[in-house]
2 protein chains.
Amino acid sequence: MATDELLTRALELIGDDPVSVEAIHRLTDTAVTAESMTIAEVADLLDITAHTLRYYEREGLVEVGRDSLGHRVYDAAAVRRLVFLTRMRLSGMPMRDLQHYISLVDEGDGTVPERLDMLIEHRDTIRRRIRELTLSLAATEFKIATYGGTAAPDSMD
Amino acid sequence: MATDELLTRALELIGDDPVSVEAIHRLTDTAVTAESMTIAEVADLLDITAHTLRYYEREGLVEVGRDSLGHRVYDAAAVRRLVFLTRMRLSGMPMRDLQHYISLVDEGDGTVPERLDMLIEHRDTIRRRIRELTLSLAATEFKIATYGGTAAPDSMD
DNA sequence: GTTTGCGTTCGAGCGCGCTCGAAGCCATAG
DNA sequence: CTATGGCTTCGAGCGCGCTCGAACGCAAAC
């Protein structure tokens with residue numbers, strides 16, 4: 001399947017950062033899915049605050065059930081959606097777009113093409129951003145390499 | 001506009017090979033440096049608004065002279081600094097840090113080590129960000145590839 | 001000589017994404 | 001029996017980076 005292929009590629013691109021390994025774990029989506037989690041557990045899993053989780057719910061990104069005490073109960077589906085949402089947020093997708101995307105999901109299968117369009121556009125946005133950052137990285141590395149050196153050109157500040 | 005152009009040219013120079021940073025630097029240096037520019041020209045060059053340029057000046061990031069009419073006159077040094085500043089902004093360095101960096105520049109050569117530290121830290125930040133984005137990109141590509149397919153895993157939404 | 005257009009200063013406002021504080025409920029620990 | 005701690009709702013506030021509008025100045029074009 002394409003899964004192994006993509007995973008391998010991702011691993012190659014990522015390198016040896018420990019954070020990335022954890023993130024890869026999230027990528028596979030088979031991560032700690034305890035069938036039902038508290039807000040604190042989800043917050044910890046996604047490395048966001050409980051405040052933010054409540055905010056996402058308020059903004060209509062995810063529906064969360066309550067237990068007998070009125071406490072939030074995150075089921076597997078909610079957690080999966082939140083994994084997706086946080087990844088999209090992390091890669092720069094605005095709340096607005098995420099809200100639109102989720103509304104499409106709620107409308108059913110008929111909206112799959114439009115959802116795909118959104119994902120493709122977002123993919124392209126990420127690619128552009130990576131290119132930008134790669135360029136800035138190169139410029140920054142150059143500046144570090146030449147800073148104070150005899151070869152330092154005139155743009156040193 | 002002009003920035004995109006610059007970016008594209010630079011990316012062409014870079015290609016897939018080991019980044020030829022010198023070429024980038026030459027590119028930025030030999031870029032339209034008309035010895036003295038108006039705010040509109042600089043805004044166009046950097047692809048930011050005149051408002052933003054005035055804002056940067058207000059925030060102490062750059063000093064700009066005036067002509068007999070009180071209009072801003074950007075000399076080559078100011079433009080070079082602004083090229084640097086916009087690149088740093090584009091790669092995510094906060095205004096605060098930029099303000100600190102510039103204050104170090106104004107303090108003289110004694111602050112070179114600290115400036116280098118800042119650049120190195122920023123370089124690492126960019127690298128981390130690129131890793132993050134690379135991961136999100138892989139995840140997004142995976143989702144696109146499997147969306148609606150029979151092999152769709154459980155994270156479909 | 002008025003209009004167009006680009007510039008100036010100043011201060012206020014905005015959009016985004018959280019982030020927080022207050023007041024209260026409930027359950028378990030000491 | 002109280003205290004602690006984690007949860008709830010609600011609404012307000014904040015930090016960042018612009019972004020804009022108002023009121024004005026000057027000069028070249030018509």
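Just so we're on the same page: letters track the sequence lines, and every chain starts at 1.
Taking atom CG of residue A:Leu90 and atom C1' of nucleotide C:dC18, one finds them 15 Å apart after rounding to whole Å. Look at OH on B:Tyr55: it is 11 Å from C1' on D:dG15, rounded to the nearest Å. Distance, B:Asp97 CG to D:dG17 P: 9 Å, rounded to whole Å. A:Leu46 has its CG atom 12 Å from the P atom of C:dC18, to the nearest Å. Atom CG of B:Leu69 is separated from atom P of C:dT9 by 13 Å (rounded to the nearest Å). Atom CZ in B:Arg58 sits about 12 Å away from atom P in C:dA12, given to the nearest Å. Separating the CD atom of A:Glu59 from the P atom of C:dT19 is a distance of 14 Å, rounded to the nearest angstrom. Remark: C1' of C:dT8 and NE2 of B:His51 are 11 Å apart, rounded to the nearest angstrom.
Nearest nucleotide to the side chain of B:Ile39, out of D:dC18, D:dT8, C:dG7: C:dG7. Taking the side chain of B:Tyr56 as heavy atoms from C-beta on, and the options D:dC18, C:dT19, C:dT9, the nearest nucleotide is D:dC18. Candidate nucleotides C:dT8, C:dG17, D:dC18 were compared by shortest atom distance to the side chain of B:Arg72, and C:dT8 ranks first.
Between B:Tyr101 and B:Arg115, the side chains place no donor N or O within less than 3.5 Å of an acceptor N or O (distance only, hydrogens not considered). B:Ser91 and B:His122 share a side-chain donor-acceptor pair at under 3.5 Å. Between B:Thr125 and B:Arg128, the side chains place a donor N or O and an acceptor N or O closer than 3.5 Å (distance only, hydrogens not considered).
For A:Glu121, the CD atom counts as loosely surrounded, since its 6.0 Å shell holds 12 or fewer non-hydrogen atoms of other residues, nucleotides or ligands.
Contacts of B:Arg54 with the nucleic acid, taken as non-hydrogen atoms under 4.0 Å apart, include base atoms. Counting any heavy atom pair closer than 4.0 Å across all strands shown, B:Ala40 reaches sugar-phosphate atoms only and no base atom.
B:Arg66 has no side-chain polar atom (N or O) that falls below the 4.0 Å cut-off from OP1 or OP2 of C:dT8.
Between B:His71 and A:Thr52, it is B:His71 whose nearest contact on DNA chain C lies nearer the 5' terminus.
A heavy-atom distance below 4.5 Å is found between the side chains of B:Leu61 and B:Gln99.
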